[in-house]
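Residue numbers count from 1 along this sequence. Ligands are counted one by one from 1 in listed order, and the atoms in each one are counted from 1 as well.
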Amino acid sequence: MKIFVTGGTGYIGSHTVVELQQSGYDVIIADNLVNSSIDVLDGIEKITGIRPEFEEIDLTDRVATRDFFIRHSDVKAVIHFAALKAVGESVHKPLEYYFNNLNSLMNVLDAMREFQVPNLVFSSSCTVYGQADVLPVTEKTPRHEAESPYGNTKVMSEDIIRDLMKVEPKMNALALRYFNPIGAHPTALIGELPNGVPNNLIPYLTQTAIGIREQLSVFGDDYNTPDGSPLRDYIDVVDLAKAHVVAIRRLLEGKNKANYEFFNIGTGKGLSVLEIIHAFERATGVKVNYKIVGRRAGDIEKVWADTTLANKELGWKAATPIEDTMRNAWKWQQSLKQ
Ligand code: NAD
Ligand code: WQD
């Protein structure tokens, strides 16, 4: 059974490829390597013993995307990770984000329809909820006006998929709304490769711990949260990868209840920035040089998931303790220095 993984050399894609291979699926990746390296294939191969097929394709290229589907008529399902994901950058380059994230999705959907590849799993995000009034957020929580062009591409992508599924009853799509993915594979052979100075908490934290950055700025301790720093639902990347395997299986086995479904993928627990720092220090024995600074523009105060639906329908639950996730993130950071 062959699965087409777009963006499969990226952070979440590579971990998902490993879990798919370890569950017996064949994988073919297409990625234009704009935000990942071909060397990731070596890491995947070292973990699983199988080198996934790979093609360098820009999925905004309609002809190239169509040709891919013509050449690979054995593909039974698609997991679409390929996208640009830097929230701040998207504010400055809105057109690049809309162009890349929406055209790649539409090209993939159009080819799936034409060549009758019926099953899609799509990477959505908790960003579609913005700052919800009631926490935790369930799948019934209304989506919020997106705060960034990036976030808007996720809302729009979900709508494009939903609308297409209405008129393509033989196709099935499932969107996974990831909360904050963190960590790395326990082998430290694959992990997150931030571009330049990281914007996200964990890569900034591990780069500070190893001495690449002098100090981690904690963006605000005056929020309405127990310790004043913002709360997020940090989901281990391997747990997240496993959610894709169960999602794919659900579609391939025809167990889905509608031809468009969406699920929250998180731990169900909110952790503060300070709790994350302390979990890292506890897990690794390494002190983090940090300083409380002002709030970061655009940050929300708190969000965490109600994962009841994913637990019940997908039979999936986050399982990795935060300390293990932190140790894996640290092992990965250390492996990058060698
Ligand atoms: P990533 O940047 O590591 O991976 C994305 C991959 O897509 C990269 O390898 C990149 O080269 C590729 N890509 C981008 N545009 C492409 C194009 N036009 N054609 C072919 N390949 C292209 O990001 P990630 O963290 O692994 O995220 C994967 C998906 O999950 C994205 O859709 C992202 O928006 C979504 N997501 C990520 C997070 C997060 O915090 N990491 C949270 C929620 C949702
Ligand atoms: C986490 C917390 C910061 C860096 C982003 C996207 C979201 C989704 C996940 C894709 C916040 C604090 C951070 C630092 C800090 N991605 N922080 N110092 O902003 O929750 O979500 O990634 O869909 O759409 O917006 O993640 O890792 O940037 O921040 O104090 O140097 O860490 O204020 O509270 P965020 P993050």
Side-chain angles (χ1 to χ4, degrees), residues 5-16 29-38 40 55-61 64-65 68 79-88 90 96-97 99-105 107-108 122-130 146-148 150-151 153-154 157 175-182 191-195 197-205 207-208 213 215-221 223 225 229-235 237 240-241 244 265-266 270-274 276-277 290-303:
V5 180
T6 79
T9 43
Y11 173 44
I12 305 168
S14 56
H15 290 80
T16 301
I29 297 172
D31 200 299
N32 65 355
L33 301 176
V34 62
N35 277 327
S36 58
S37 157
I38 193 72
V40 170
E55 291 196 17
E56 189 172 336
I57 296 176
D58 185 339
L59 296 159
T60 64
D61 180 337
T65 306
F68 174 92
I79 308 183
H80 185 54
F81 290 106
L84 300 175
K85 65 159 183 182
V87 177
S90 80
E96 281 86 338
Y97 272 69
F99 183 85
N100 190 75
N101 294 2
L102 299 180
N103 281 323
S104 59
L105 171 68
N107 287 340
V108 167
F122 175 71
S123 302
S124 191
S125 169
C126 67
T127 192
V128 303
Y129 296 117
E147 275 146 42
S148 68
Y150 165 76
T153 69
K154 292 299 174 193
S157 295
L176 299 178
R177 292 176 176 165
Y178 318 153
F179 281 66
N180 285 53
I182 60 165
E192 189 171 8
L193 282 169
N195 245 341
V197 182
N199 293 306
N200 295 116
L201 177 61
I202 302 305
Y204 207 106
L205 186 161
Q207 288 194 6
T208 306
R213 313 273 157 218
Q215 194 167 55
L216 170 69
S217 299
V218 173
F219 296 136
D221 69 347
Y223 286 97
T225 60
S229 64
L231 302 181
R232 296 288 184 273
D233 188 333
Y234 294 94
I235 173 77
V237 69
L240 173 59
H244 294 79
I265 302 294
L271 289 178
S272 76
V273 175
L274 294 172
I276 284 285
I277 294 172
Y290 72 89
K291 183 179 168 198
I292 313 280
V293 300
R295 294 182 178 195
R296 181 170 70 175
D299 267 354
I300 59 166
E301 182 168 88
K302 49 191 159 188
V303 66

- Identity and separation of the nearest protein heavy atom to atom 4 (C) of ligand 2: N199 O, 3.4 Å
- Considering only heavy atoms of I57, which atoms of ligand 1 have at least one such atom less than 4.0 Å away? 19 (N), 20 (C)
- Should you measure from each heavy atom of G7, which atoms of ligand 1 turn up under 4.0 Å away? 6 (C), 7 (O)
- Item | Close N or O approach (N35, ligand 1; < 3.5 Å) | yes
- Message: Using a 4.0 Å heavy-atom cut-off, which part of S124 comes near ligand 1: side chain, backbone, both, or neither?
- Response: backbone
- Those atoms of ligand 2 less than 4.0 Å from some heavy atom in Y150: 10 (C), 23 (O), 24 (O)
- Report, in ascending order of atom number, the atoms of ligand 2 lying under 4.0 Å from any heavy atom of V273. 2 (C), 12 (C), 30 (O), 32 (O), 34 (O)
- Atoms of ligand 1, numbered as shown, that sit under 4.0 Å from any heavy atom of L33: 11 (O)
- Item | contact_flag N103 ligand 1 heavy-atom lt 4.0 Å | no
- Message: On a heavy-atom basis, I'd like to know which of Y178, F81, F122 is closest to atom 44 (C) of ligand 1.
- Response: Y178
- Task: Any atoms of ligand 1 less than 4.0 Å from a non-hydrogen atom of K85? List them with their elements.
- Result: 2 (O), 23 (O), 24 (P), 25 (O), 34 (O), 41 (N)
- Heavy-atom distance under 4.5 Å between the side chains of T225 and E301, does that happen here? yes
- Just which atoms of ligand 1 are under 4.0 Å from any heavy atom in S123? 29 (C), 30 (O), 32 (O), 35 (C)
- Task: Using a 4.0 Å heavy-atom cut-off, say whether N101 meets ligand 1 through its side chain, its backbone, both or neither.
- Result: neither
- Task: Return the option from Y150, Y11, F179, Y97 holding the heavy atom at the smallest distance from atom 33 (C) of ligand 1.
- Result: Y150
- Query: V218 pairs by side chain to side chain contact (heavy atoms under 4.5 Å, CB included) with which of I292, I276, L205?
  - Reply: I292
- Task: Specify the protein heavy atom at minimum distance from atom 18 (N) of ligand 2: its residue, its atom name, and the distance to 0.1 Å.
- Result: S217 O, 2.6 Å
- Item | Under 3.5 Å: N/O of V34 near N/O of ligand 1 | yes
- Query: Nearest protein heavy-atom contact for atom 27 (O) of ligand 2: which residue, which atom, what distance?
  - Reply: L201 N, 2.9 Å
- What is the minimum heavy-atom distance between Y204 and P198, and which atoms define it? CD1-O, 3.2 Å
- Note on the structure: The answer for which part of I276 has a heavy atom under 4.0 Å from ligand 2 is neither
- So do E56 and L33 actually touch side chain to side chain, heavy atoms under 4.5 Å? yes
- Go through ligand 2 atom by atom and flag the ones less than 4.0 Å from a non-hydrogen atom of V218. 30 (O)
- Task: Do me a favour and list the nearest non-hydrogen protein atom to atom 3 (C) of ligand 2 with residue, atom name and distance?
- Result: D299 OD2, 3.4 Å
- Residue, atom and distance of the protein heavy atom nearest atom 19 (O) of ligand 2 read R296 NH2, 3.0 Å
- Enumerated ligand 1 atoms positioned under 4.0 Å from heavy atoms of T60: 18 (N)
- Query: Which atoms of ligand 2 are found less than 4.0 Å from any heavy atom of Y234?
  - Reply: 1 (C), 2 (C), 32 (O)
- Task: Indicate the ring-plane relationship of Y178 and H244, choosing parallel, tilted or perpendicular according to the 30° and 60° boundaries.
- Result: perpendicular
- Kindly confirm or rule out an N or O of S125 lying under 3.5 angstrom from an N or O of ligand 1. no
- Query: If you measure from OG1 on T153 to CG on N101, what distance do you get to the nearest 0.5 Å?
  - Reply: 4.0 Å
- Counting from 1, what ligand 2 atoms have a heavy atom of P230 closer than 4.0 Å? 34 (O)
- When distances are taken from atom 6 (C) of ligand 2, the protein heavy atom at minimum range is V87 CG2, 3.6 Å
- Message: Nearest non-hydrogen contact with atom 4 (O) of ligand 1 belongs to which option: A86, S36, P181, G10?
- Response: G10
- Mind checking whether K154 contacts ligand 1 via backbone (N, CA, C, O), side chain (CB onward), both or neither, at a 4.0 Å heavy-atom cut-off? side chain
- Query: Do S104 and T65 touch side chain to side chain, with heavy atoms closer than 4.5 Å?
  - Reply: no
- atom 36 (P) of ligand 2 [closest protein heavy-atom partner, distance rounded to 0.1 Å]: N200 ND2, 3.4 Å
- Note on the structure: Per salt bridge (charged side-chain N to carboxylate O under 4.0 Å, His left out), D299 is matched among K302, R295, R296 by R296
- Looking at side-chain heavy atoms only, is the closest gap between L201 and L216 below 4.5 Å? yes
- Item | For ligand 1, the portion of N180 having any non-hydrogen atom under 4.0 Å away | neither
- Report the nearest protein non-hydrogen atom to atom 35 (P) of ligand 2: residue, atom name, distance rounded to 0.1 Å. N180 ND2, 3.6 Å
- Item | Best match, Y178, Y204, F219, F179: closest heavy atom to atom 15 (C) of ligand 2 | F219
